[in-house]
Amino acid sequence: MNPLMSKFERIDENSRLPKYRQVINTILEEINQELFKPGDRIPSINETSEEYYLSRDTVEKAYRELSQRGVISSIPGKGYYVNGNAEVAKVRVMIIFDKLTDHQKVIFNSFAKSLGKRACINLHVHHSDFKCFEELILDNIGNYDYYVIMPHFYDYREEVEAVLKKIPRNKLLVLDRQIKDMDGSFSCIYQDFAKDLEGALFSGLDLLKKYRKLFLVYPQHIKYPPEIRVGFRNFCHDANIDYELIPSVSGHSPRKGEAYIVLEESDLIELVKKCQKSRLELGKDLGIVSYNDTPLKEVVGNGITVISTDPITMGQVAADMIIHKKRDSAKNPFYLLRRNSL
């Protein structure tokens with residue numbers, strides 16, 4: 001039996017994935033596994049349609065898309081053949097972020113660079129909208145070899161876990177968070193937000209002790225891990241530092257002898273402007289620590305001190321797990337990077 005024809009037994013009548021897309025995925029899988037090599041003939045539209053009770057229109061639509069992508073070509077009177085120069089992605093990856101900040105862009109670029117030509121990557125953003133997140137995954141089950149997901153939901157944890165459980169464990173890679181209540185082994189690259197923040201701040205205690213009060217600017221309307229607040233409070237208690245949480249720097253007047261941990265870049269820019277207006281010298285009169293490093297923070301205010309996970313390493317490790325088909329759990333590095341603002 002033709003190896004491709006046997007694969008069509010896997011066409012799922014109940015799948016949300018259209019049948020023509022299942023046909024495409026089947027052919028790509030066979031080419032990637034070298035069961036069909038450049039120059040080999042694949043079953044004709046009629047053969048596939050009649051043998052596996054697929055409509056001719058369904059198979060024709062799949063073959064037409066494969067032809068447009070340069071994977072196969074038709075030779076009149078002979079049939080369809082795999083192109084010798086077909087660039088078929090070895091791995092199909094769907095990556096879903098909660099938002100697309102400069103930090104996430106660094107992760108994505110590192111991930112894409114590490115995979116190189118081994119993969120075709122489609123990037124999506126759910127913006128902490130659970131319905132959007134759910135539809136993105138359910139509409140694409142079976143369409144990718146790997147699903148790399150940064151969930152970051154704080155109001156729908158059980159619902160998110162239920163959606164993630166629909167993805168085969170060997171195809172799931174979760175970024176940034178541990179999901180402890182899910183059964184089965186899947187890949188994960190995570191942060192321990194509370195302990196990581198506390199440890200990073202203690203590594204800069206000699207600088208933070210210069211200031212009489214430490215502020216955490218924690219937005220009310222933008223989702224951040226609540227463990228950040230826990231780590232901040234733990235540090236301040238253990239280091240015996242006076243502290244306060246504020247939702248924004250808008251309407252707040254920074255004063256000499258204060259230091260700020262800022263999560264949002266909009267708050268960071270506004271705080272730097274207020275310091276310039278009040279002639280407060282960063283790193284001497286007032287301290288600033290920003291969350292998550294970006295290239296911009298190397299130059300703003302003559303260099304902004306950051307506490308940050310390592311986005312380049314996260315992207316590289318995620319790619320390595322896919323390349324070598326690892327199912328592993330890894331903690332990503334977290335550190336304080338000293339610059340002039342502290």
Side-chain angles (χ1 to χ4, degrees), residues 101 103 150 152-154 157 175-181 188-249 252-265 267-268 270-272 274-275 280-294 297 300-301 303-311 313-314 329-342:
T101 64
H103 183 76
M150 191 176 285
H152 283 310
F153 285 94
Y154 309 105
R157 292 196 177 188
L175 297 181
D176 251 10
R177 299 197 67 90
Q178 285 182 302
I179 303 179
K180 298 178 181 179
D181 297 332
C188 180
I189 306 169
Y190 67 94
Q191 301 180 58
D192 187 333
F193 291 95
K195 290 183 179 179
D196 283 349
L197 179 67
E198 186 177 358
L201 292 177
F202 265 113
S203 73
L205 182 59
D206 58 312
L207 298 176
L208 291 167
K209 277 290 190 180
K210 297 189 303 183
Y211 304 97
R212 59 179 173 79
K213 190 171 184 178
L214 183 59
F215 291 83
L216 173 63
V217 186
Y218 189 91
Q220 290 180 336
H221 305 298
I222 302 173
K223 299 294 186 181
Y224 278 95
E227 296 92 337
I228 290 175
R229 297 194 304 252
V230 174
F232 173 74
R233 290 193 180 104
N234 289 344
F235 165 74
C236 293
H237 286 150
D238 293 344
N240 195 28
I241 292 178
D242 188 22
Y243 71 92
E244 184 178 344
L245 274 72
I246 59 175
S248 171
V249 298
H252 180 84
S253 299
R255 297 173 182 172
K256 185 175 181 179
E258 297 174 343
Y260 293 78
I261 299 173
V262 185
L263 304 184
E264 277 290 300
E265 291 195 3
D267 281 316
L268 170 63
E270 186 171 354
L271 185 58
V272 170
K274 287 188 174 187
C275 289
L280 294 171
E281 183 180 347
L282 293 184
K284 181 179 179 181
D285 299 325
L286 185 138
I288 297 179
V289 180
S290 185
Y291 196 79
N292 281 336
D293 196 21
T294 65
K297 293 172 187 177
V300 170
I304 299 295
T305 297
V306 295
I307 44 178
S308 181
T309 188
D310 187 334
T313 296
M314 180 174 284
S329 180
K331 187 177 182 302
N332 204 52
F334 196 89
Y335 54 83
L336 181 137
L337 180 57
R338 298 175 180 230
R339 295 190 181 121
N340 293 325
S341 69
L342 195 61

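What you see below is based on every heavy atom in this structure, not just the backbone, and it leaves out hydrogens, waters and symmetry mates.
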**Asked** Can you find a heavy atom in the side chain of E244 that is under 4.5 Å from one in the side chain of E258?
**Response** no
**Prompt:** If only atom types and distance count, is the side chain of T309 paired as donor or acceptor with the main-chain N or O of F334 below 3.5 Å?
**Reply:** no
**Request:** Decide yes or no on side chain to side chain contact (heavy atoms under 4.5 Å, CB included) for I246 and Y218, but give the supporting numbers first.
**Result:** CA-CA 6 Å; I246 59 175; Y218 189 91; over 6 Å; no
**Message:** If you apply the rule salt bridge (charged side-chain N to carboxylate O under 4.0 Å, His left out), what do you find for D196 with K331, and how did you get there?
**Reply:** CA-CA 10 Å; D196 283 349; K331 187 177 182 302; 2.6 Å; yes
**Request:** Can you measure from CG (L201) to CG (L207) and round to the nearest 0.5 angstrom?
**Result:** 11.5 Å
**Distance (rounded to the nearest 0.5 Å) between L280 CG and D285 CG** = 5.5 Å
**Distance in Å, L175 CG paired with C188 SG, rounded so as to fall on 0.5 Å steps** = 8.0 Å
**Message:** How close do G287 and Y211 get, counting heavy atoms only, and between which atoms?
**Reply:** N-CE2, 3.4 Å
**From I288 atom CD1 to I304 atom CD1, the distance as rounded to the nearest 0.5 Å** = 5.0 Å
**Prompt:** When rounded to the nearest 0.5 angstrom, what distance separates CZ in R229 from CG in L263?
**Reply:** 10.5 Å
**Message:** Between T305 and L336, is there a side-chain heavy-atom distance shorter than 4.5 Å?
**Reply:** yes
**Item:** Results of side-chain hydrogen bond (donor to acceptor under 3.5 Å, both in side chains) for E270 - residues two or more places apart only
**Value:** S250
**Asked** Given the side-chain rings of H252 and F215, with only the six-membered ring counted for Trp, is the space between their centroids under 6.0 Å?
**Response** yes
**Request:** Please assess L337 against S308 for the test side chain to side chain contact (heavy atoms under 4.5 Å, CB included), listing each intermediate value before the final yes or no.
**Result:** CA-CA 8 Å; L337 180 57; S308 181; over 6 Å; no
**Request:** Test V300 against V272 for side chain to side chain contact (heavy atoms under 4.5 Å, CB included), laying out the working first.
**Result:** CA-CA 8 Å; V300 170; V272 170; 4.1 Å; yes
**Message:** Could you check whether any side-chain heavy atom of S203 comes within less than 4.5 Å of a side-chain heavy atom of Y335, counting everything from C-beta outward?
**Reply:** no
**Asked** Is D293 paired with R339 through a side-chain N to carboxylate O contact shorter than 4.0 Å?
**Response** yes
**Prompt:** Does one side chain, of Q191 or D176, offer a donor that lies under 3.5 Å from an acceptor on the other?
**Reply:** yes
**Message:** Check this for me: K210, atom NZ, are more than 12 non-hydrogen atoms of other residues, nucleotides or ligands nearer than 6.0 Å?
**Reply:** yes
**Asked** What is the distance from atom CD of E265 to atom CG of L271, rounded to the nearest 0.5 Å?
**Response** 13.5 Å
**Request:** Answer yes or no: is there a side-chain heavy-atom contact under 4.5 Å between L286 and E281?
**Result:** no
**Item:** Y260 side chain reached by L214 side chain, heavy atoms, under 4.5 Å
**Value:** no
**Over 12 non-hydrogen atoms of neighbours within 6.0 angstrom of NZ in K195** = no
**Fill in**
Sorted by chain and number, sequence neighbours left out, side-chain hydrogen bond (donor to acceptor under 3.5 Å, both in side chains) with S329 holds for none
**Whether over 12 other heavy atoms sit under 6.0 Å from R157 CZ** = yes
**Asked** Hey, does L342 have a side-chain heavy atom less than 4.5 Å from the side chain of L208?
**Response** yes
**Request:** In plain terms, say whether R177 and E227 are close enough for a salt bridge, that is, a side-chain N and a carboxylate O under 4.0 Å apart.
**Result:** yes
Anything under 3.5 Å between a donor and an acceptor, one on a side chain of residues 232-241, the other on a protein residue two or more places apart or in another chain? List them.
{"residue": "N234", "atom": "ND2", "partner": "V230", "partner atom": "O", "Å": "3.3"}
{"residue": "H237", "atom": "ND1", "partner": "R233", "partner atom": "O", "Å": "3.3"}
{"residue": "H237", "atom": "NE2", "partner": "Y243", "partner atom": "OH", "Å": "3.1"}

**Message:** side chain to side chain contact (heavy atoms under 4.5 Å, CB included), that's the test. Do C275 and L282 meet it? Break it down for me.
**Reply:** CA-CA 8 Å; C275 289; L282 293 184; 3.9 Å; yes
**Prompt:** For V249, does its backbone N or O pair with a side-chain atom of K274 as donor and acceptor, under 3.5 Å?
**Reply:** yes
**Asked** Between E264 and Y291, does any side-chain donor sit less than 3.5 Å from a side-chain acceptor?
**Response** no
**Prompt:** What closest approach, in Å, do S290 and K297 show between heavy atoms, and which atom pair accounts for it?
**Reply:** OG-NZ, 2.9 Å
